[in-house]
Asker: 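One structure coming up, written as structure tokens, with questions to follow.
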2 protein chains.
Amino acid sequence: MTSPAAAPKRTRIQREKRELILEAALDIFSTHGFRGSTIDQIAEAAGMSKPNLLYYFRRKEDIHETLMQRLLDTWLAPLREFDNVGDPLTELRGYIRRKLEMARDYPRESRLFANEILQGAPRIMPMLEGELKQLVDEKAQVIKGWMRDGKIAPTDPWHLIFSIWATTQHYADFDTQVRAVLGPDRGSEGRFEDAARFLEHLFLEGLRPR
Amino acid sequence: MTSPAAAPKRTRIQREKRELILEAALDIFSTHGFRGSTIDQIAEAAGMSKPNLLYYFRRKEDIHETLMQRLLDTWLAPLREFDNVGDPLTELRGYIRRKLEMARDYPRESRLFANEILQGAPRIMPMLEGELKQLVDEKAQVIKGWMRDGKIAPTDPWHLIFSIWATTQHYADFDTQVRAVLGPDRGSEGRFEDAARFLEHLFLEGLRPR
DNA sequence: GCAAATTTTTACCGAATGGACAAACGTTAG
DNA sequence: CTAACGTTTGTCCATTCGGTAAAAATTTGC
């Protein structure tokens, strides 16, 4: 991305306050989107004045950009791990579970990403067409190999990956709807376990009775 | 919702221009969200001046509300249709296909809805907890019946419905990402058919080889 | 064809927003 | 202790935003 030529050399306070701001901004951006969020909102959530915040990040966009860069690093980690070693079905089950855990533990990151994509990915399109596509194509080949070897049913590996993303991230991005439909009876822990069990069944066995 | 006590009695021009505005607003709102969209943007997209637009809709929120009401009517239609008659697996396959067709034919509506949910559903929460929950609970019972009868594998009907929503709407909401990853080789028609074939396989057979 | 009703334009307003700037205040190294 | 540096605050500004008011232009019903 940006060349790390200029070393940032930050003070203790700068490091702490920047973290505070990013934490607050993640809250705000992930629920209101970039344009829907104001610097004032973020500043208030971070417990400081707007000019103070602007001392640490010169522009609103800088905050969003920093957040986005961090997000992408961690976001693709599960897919990178996803490897050829071990039993294919176990590997897939593990990937689904890790993605679901991320939706549970980092819902704001998921929503930040969803917002960006919904708006046409204006800031990360190059990354989607480059790094992401490359990674997905690579993993799709791994899956294709499994299919050729008869280890998993032959079908489209790209759409398989999409469907894993869709089903797991749904629990972060559409959390509001999921909660509203399920009602308050079942706490978030129970919801997570139910979802994990269901998705495992869906991806491994499908719905046709055996 | 709001009592239709006051008959709207609109002129021809009002009917036409309101449609024009709603059409333009759907474009804008679905990609920028409510707060991220401006009246000016919508007015320009509709080919008229801001004050002129405000002659037809007094407030920005009125446009969004009208759009939302229409959306919800058509959005749940496939789930309403989804009935007890006929073979369960056929019924499910039909529902998935209809939802996927909606994602293909009405992606803006899907994104409008996604935006609303992402932001915590501030304007439609009552509908989610009322009408939607009721409908889903009802259909979940139908599915449960099928499971009891051994017509489909026993699993969680609520999460089954979520997973159908997630996988199908993904092709509208994350279209940008899907296109970026698949590349330009395969046109939208091909993408749709691939997705339909894959989802049918996933939901009916799962991935374990037989 | 014309009066009444409807539609469009022009000009404007107050509030919110992203951001600049310098003065005041704290912290820290020597 | 103090000078240098880092941090915070108060004030201000230009722009954009949602929305209003009234005049001008157009359409419609008779």
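What you are looking at is a predicted structure, and each value in this text was computed from that prediction instead of being measured. First the proteins, then the strands, lettered A, B, ... as listed; each starts at 1.
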Asker: Could you check whether B:R104 makes a cation-pi contact with B:Y171, meaning its NZ or CZ is under 6.0 Å from the centre of the six-membered ring and within 45° of the ring axis?
Answerer: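 Relative to the ring axis of B:Y171, which defines the angle, B:R104 lies outside at least one limit.
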Asker: Nearest 0.5 Å please: distance from the CZ atom of B:R97 over to the OH atom of B:Y95.
Answerer: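 That separation rounds to 15.5 Å.
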Asker: With a non-hydrogen cut-off below 4.0 angstrom, is A:K17 in contact with a base, only sugar-phosphate, or nothing?
Answerer: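 Sugar-phosphate only.
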Asker: What is the distance, rounded to the nearest whole Å, between atom CD1 of B:I63 and atom C1' of D:dG19?
Answerer: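 In whole Å, D:dG19 C1' and B:I63 CD1 are 12 Å from each other.
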Asker: What is the distance, to the nearest angstrom, from the NE2 atom on B:H64 to the P atom on D:dG18?
Answerer: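 Between P of D:dG18 and NE2 of B:H64: 13 Å.
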Asker: Is any side-chain nitrogen or oxygen of A:S49 closer than 4.0 Å to OP1 or OP2 of D:dT8?
Answerer: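 No, because none of the side-chain N or O atoms of A:S49 sits under 4.0 Å from OP1 or OP2 of D:dT8.
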Asker: Between P on D:dG10 and CG on A:D40, what's the gap in Å once rounded to a whole number?
Answerer: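 In whole Å, D:dG10 P lies 14 Å from A:D40 CG.
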Asker: Would you check if the distance from the ring center of A:F162 to the ring center of A:H159 is below 6.0 Å?
Answerer: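 Yes, they do, as the ring centres are separated by less than 6.0 Å.
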Asker: Nearest-Å distance, CG (B:L54) to P (C:dC12)?
Answerer: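 Answer to the nearest Å: 18 Å.
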Asker: Ignoring backbone atoms, test whether A:Q14 places a side-chain nitrogen or oxygen under 4.0 Å from the OP1 or OP2 oxygen of D:dT7.
Answerer: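 A:Q14 to D:dT7 OP1/OP2: side-chain N or O found under 4.0 Å.
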Asker: Which nucleotide, D:dG19, C:dT17, C:dG18, lies nearest any side-chain atom of B:R35?
Answerer: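 Output: C:dT17.
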Asker: Measure from the side chain of A:P51, starting at C-beta and using heavy atoms only, and say which of D:dT20, D:dG10, C:dT6 lies closest.
Answerer: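 For the A:P51 side chain, the nearest candidate turns out to be D:dG10.
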Asker: Tell me if the side-chain of A:K50 makes a donor-acceptor pair with the base of C:dG18, cut-off 3.5 Å, by modelled atom types.
Answerer: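 Between C:dG18 and A:K50, which were checked side chain against base, a qualifying N/O pair under 3.5 Å is present.
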Asker: Whole Å only: how far is the NZ atom of A:K60 from the C1' atom of C:dA20?
Answerer: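 Atom NZ in A:K60 sits about 17 Å away from atom C1' in C:dA20.
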Asker: Identify whether any heavy atom of A:Y56 sits under 4.0 Å from a base atom; if not, whether one sits that close to sugar-phosphate; answer base, sugar-phosphate or nothing.
Answerer: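 Here A:Y56 touches the backbone only, sparing every base.
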Asker: Please work out whether the ring planes of B:W75 and B:F113 are parallel, tilted or perpendicular, with thresholds of 30° and 60°.
Answerer: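 Correct class here is tilted.
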Asker: May I have the distance from B:E44 (atom CD) to D:dC17 (atom P), rounded to whole angstrom?
Answerer: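 Checked: the CD to P distance equals 11 Å.
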Asker: As a test of reading the structure: which of C:dG19, D:dG19, C:dT8 is closest to the side chain of B:N52, going by heavy atoms?
Answerer: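 The answer is C:dT8.
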Asker: Within the 4.0 Å heavy-atom criterion, would you say B:T38 contacts the bases, only the backbone, or no part of the nucleic acid?
Answerer: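 Contact class for B:T38: sugar-phosphate only.
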Asker: Any side-chain N or O of B:Y55 less than 4.0 Å from the OP1 or OP2 oxygen of C:dT8?
Answerer: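 Negative; the distance criterion is not met.
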Asker: CZ of B:F57 versus C1' of C:dT8: gap in Å, rounded?
Answerer: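 Result: 17 Å.
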Asker: Could you tell me how far apart A:I42 (CD1) and C:dG18 (C1') are, to the nearest whole angstrom?
Answerer: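 For the pair A:I42 CD1 and C:dG18 C1', the rounded distance is 11 Å.
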Asker: Ignoring the backbone of B:I39, work out which of C:dA11, D:dT9, D:dG19 is nearest its side chain.
Answerer: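 When the side chain of B:I39 is considered, D:dG19 is the closest of C:dA11, D:dT9, D:dG19.
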Asker: Hey, could you give me the CG/CZ distance between A:L71 and A:R108, rounded to the nearest 0.5 Å?
Answerer: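 Rounded to the nearest 0.5 Å, the CG-CZ separation comes to 11.5 Å.
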